[in-house]
Amino acid sequence: MRAVSESSTPEAEARRIAEESRDRARFEEEVLELADQVYRVARRLVSTREEAEDLVQETYARAFRSWRSYTPGTNLRAWIFRILTNLNIDRGRREQRAPATQPIEEGDYFLYNRLEADSGAEDEERIVERLSQDGIVDALSAVPHDFRDVIVLVDIGDFTYQDAAQILDIPIGTVMSRLHRGRRILKQQLAEAAVGEEA
Amino acid sequence: MFDPCARCEEVLQPFLDRELSDAEHEQAEAHLDQCAYCRRRYRFEEKLRMYVRQACAEQMPPALKAKLAALRTPLY
């Protein structure tokens, strides 16, 4: 028969449970500190406030349940955002694909060039003011999901290309190409809203 | 023929994302120092990004925050 080790004594077991409970509480606190950022990103991944609230609640319920799968010392933000994006993908929103009819071949300066040509102004401050905050939100929500996920993680979540690749489980080259195309689509939407269909 | 403005336009996004190598970053900066055309467009893009962040800075409803806190494991 195996000798009774220290770890199996009632005292050791009680100590282990207390330590685990402390670790868990600390983990939960740290994850909750990220809630504002998680909500801000979730809000732009889905269409409505209600959907965003559901998604964030689901994300936290899963994070708290699977806290043991987080390795202390690794990137907690990337870990929680991975849960968020996976859950969002699981919600069956994959039907929406990129519009095939919009070839986007113009360069990155085209939005500025369009707005400058339309307004006659040469000052970037005045040119950017032609875009309304509501218009930006609408334009972003018109970007197809695959592209929007990357824009939202990099521009609003402040993640590097590498982190975004890890969160979405896609190669870094795909992050770069989606970001590139997504931003072009966003600018095209903004140009159409500010200058009109003839933009 | 090499067109420095076209090259500068190509690296606009990774430049602002801070994803260029040091050498590439310096090369772009050197061009921006002497080219008002590209400089205006870079500044515009920076402001546009700021606008996007501001437009998306929606506060989390306090009730949601409370709901999330309630999902925590009770302490024994």
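Worth saying up front: this structure is predicted, and the values here are computed from it rather than measured. What you see below is based on every heavy atom in this structure, not just the backbone, and it leaves out hydrogens, waters and symmetry mates. Per chain, numbering begins at 1; letters A, B, ... match sequence-line order.
- Side-chain heavy-atom separations under 4.5 angstrom define the hydrophobic clusters, and the remaining members of the one that includes B/Leu32 are A/Tyr109, B/Val11, B/Leu12, B/Phe15, B/Leu16, B/Leu20, B/Tyr37, B/Tyr42.
- Interface residue A/Leu140: only side-chain heavy atoms are found under 4.5 Å from chain B.
- Ion pairing between a basic and an acidic side chain is recognised when a charged N comes within 4.0 Å of a carboxylate O; A/Asp146 and A/Arg181 show no such pairing.
- Interface remark: B/Gln54 contributes backbone and side-chain atoms alike to the contact with chain A (heavy atom separation under 4.5 Å).
- The residues A/Asp149 and A/Arg178 are annotated as not salt-bridged, no charged nitrogen and carboxylate oxygen being separated by less than 4.0 angstrom.
- Only the side chain of A/Leu115 comes within contact range of chain B, judged by heavy atoms closer than 4.5 Å.
- Within the 4.5 Å cutoff, the side chain of A/Arg43 has no heavy atoms near those of the A/Arg40 side chain.
- The contact between A/Leu131 and chain B is made by backbone and side chain atoms together, counting heavy-atom distances below 4.5 Å.
- Pairs engaging residues 61-76 of chain A under the side chain to side chain donor-acceptor pair (under 3.5 Å) rule: A/Glu20-A/Arg68 [sequence neighbours left out].
- Contacts of A/Glu129 with chain B are made by both backbone and side-chain atoms, with heavy-atom separations under 4.5 Å.
- Side-chain atoms of B/Arg53 and A/Asp158, non-hydrogen and from C-beta on, do get closer than 4.5 Å to each other.
- Ion pairing between a basic and an acidic side chain is recognised when a charged N comes within 4.0 Å of a carboxylate O; A/Arg183 and A/Asp155 show such pairing.
- Side-chain contacts under 4.5 Å among hydrophobic residues (ILVMFWY), followed directly or transitively, place B/Met50 with no other residue at all.
- Residue B/Lys47 touches chain A through both its backbone and its side chain, counting heavy-atom pairs closer than 4.5 Å.
- Residues of residues 48-60 of chain A lying under 4.5 angstrom from chain B, judged on non-hydrogen atoms, are A/Arg49, A/Glu53, A/Val56, A/Gln57, A/Tyr60 by number.
- The contact between A/Thr160 and chain B is made by backbone and side chain atoms together, counting heavy-atom distances below 4.5 Å.
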